[in-house]
Each structure stands twice: as C-alpha cells, then as structure tokens.
Colleague: 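Have a look at this one.
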Amino acid sequence: MADRDFHDTPSPGTDRGAGRGAAPGAQPEGEPEREAERRRRRAQFLRDLAEARQLRDRVQPRRAKTARLRHAMRMRTFRW
C-alpha cells in the first residue's frame with residue numbers, strides 16, 4: 001500500500017480568510033500547490049476505492065455477478 005499521510009494534512013478550509021484583500025480574480029500564492037495536493041489525495045482515494053471494489057468482487061462473486069447483470073439491464077433499458 002502507498003503511504004497514508006493524508007490524515008496529517010490540514011483541511012482545505014482552515015485558511016479561508018488569507019486572500020480577502022486581494023482582487024476578486026486573483027489566486028493566493030499557495031493555490032497551485034494546494035490544488036495539486038488535493039488532486040493527489042483524490043487520486044489516492046480513487047485508487048483505494050477501486051482496489052476495495054475489486055477485493056469485494058473477488059470475495060463475493062455472486063453479488064458481483066448480480067451487480068453486473070443489473071448494470072447490463074440498466075444499460076439495455078436506458079433510452080438515449
């Protein structure tokens with residue numbers, strides 16, 4: 001498993017008052033880094049979620065099969 005240091009990072013809303021005096025369209029200095037960190041944490045979460053789904057599908061094959069069939073039925077009955 002990859003490192004799970006995202007629990008130590010502060011929440012994004014902790015420094016909301018930092019750029020209040022700036023122009024409406026201006027971004028604070030640390031914004032690109034914060035955005036990159038958010039994207040990195042989101043990608044890690046999605047990888048973990050996909051891994052958990054694969055594990056569940058291996059452990060519960062009957063449930064996975066019914067979910068596949070249900071999804072196929074929804075796709076067949078969906079009207080474009």
Side-chain angles (χ1 to χ4, degrees):
M1 289 295 242
D3 61 334
R4 296 182 182 253
D5 61 343
F6 58 87
H7 293 293
D8 299 331
T9 57
S11 64
T14 55
D15 60 342
R16 289 184 181 224
R20 294 202 177 193
Q27 289 184 346
E29 285 290 322
E31 192 67 30
E33 291 83 15
R34 210 164 74 185
E35 182 69 19
E37 177 65 22
R38 186 189 69 81
R39 287 176 192 236
R40 188 192 66 78
R41 284 187 285 124
R42 181 176 185 274
Q44 179 64 42
F45 170 76
L46 292 176
R47 280 193 299 270
D48 289 346
L49 184 63
E51 182 180 344
R53 283 182 178 151
Q54 289 173 354
L55 177 63
R56 187 185 63 202
D57 290 349
R58 279 198 310 272
V59 173
Q60 301 174 337
R62 186 180 300 166
R63 184 174 287 183
K65 181 180 179 182
T66 56
R68 276 195 312 273
L69 292 173
R70 200 174 295 121
H71 180 71
M73 182 62 74
R74 275 197 312 267
M75 290 296 110
R76 279 196 300 267
T77 59
F78 183 76
R79 302 188 85 177
W80 296 97

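These figures come from a predicted structure and were not determined experimentally.
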Colleague: If we count only N and O atoms by modelled type, under 3.5 Å, do the side chains of R47 and Q44 hold a donor and an acceptor together?
Modeller: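 R47 vs Q44: donor-acceptor pair found between side chains.
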
Colleague: To which residues is V59 joined in a hydrophobic cluster, defined by side-chain heavy-atom contacts under 4.5 Å among Ile, Leu, Val, Met, Phe, Trp and Tyr, whether direct or through other members?
Modeller: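 Result for V59 is L55.
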
Colleague: Which residues satisfy the side chain to side chain contact (heavy atoms under 4.5 Å, CB included) test with A64, sequence neighbours excluded?
Modeller: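 Result, side chain to side chain contact (heavy atoms under 4.5 Å, CB included) vs A64: D57, R68.
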
Colleague: R62: which residues meet the side chain to side chain contact (heavy atoms under 4.5 Å, CB included) condition with it, sequence neighbours left out?
Modeller: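 Applying side chain to side chain contact (heavy atoms under 4.5 Å, CB included) to R62 gives none.
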
Colleague: In chain order, what residues pass the salt bridge (Lys or Arg N to Asp or Glu O under 4.0 Å) check against R39, with sequence neighbours excluded?
Modeller: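 Salt bridge (Lys or Arg N to Asp or Glu O under 4.0 Å) check on R39 returns E35.
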
Colleague: If I take atom CZ from residue R40 and atom CD from residue E33, how far apart are they, to the nearest 0.5 angstrom?
Modeller: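 Rounded to the nearest 0.5 Å, the CZ-CD separation comes to 14.0 Å.
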
Colleague: Can you sort out the partners of Q54 under side chain to side chain contact (heavy atoms under 4.5 Å, CB included), two or more places apart, ordered by chain and number?
Modeller: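 R58.
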
Colleague: Does a side-chain heavy-atom distance below 4.5 Å link E37 with R34?
Modeller: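 Sidechains of R34 and E37: no contact.
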
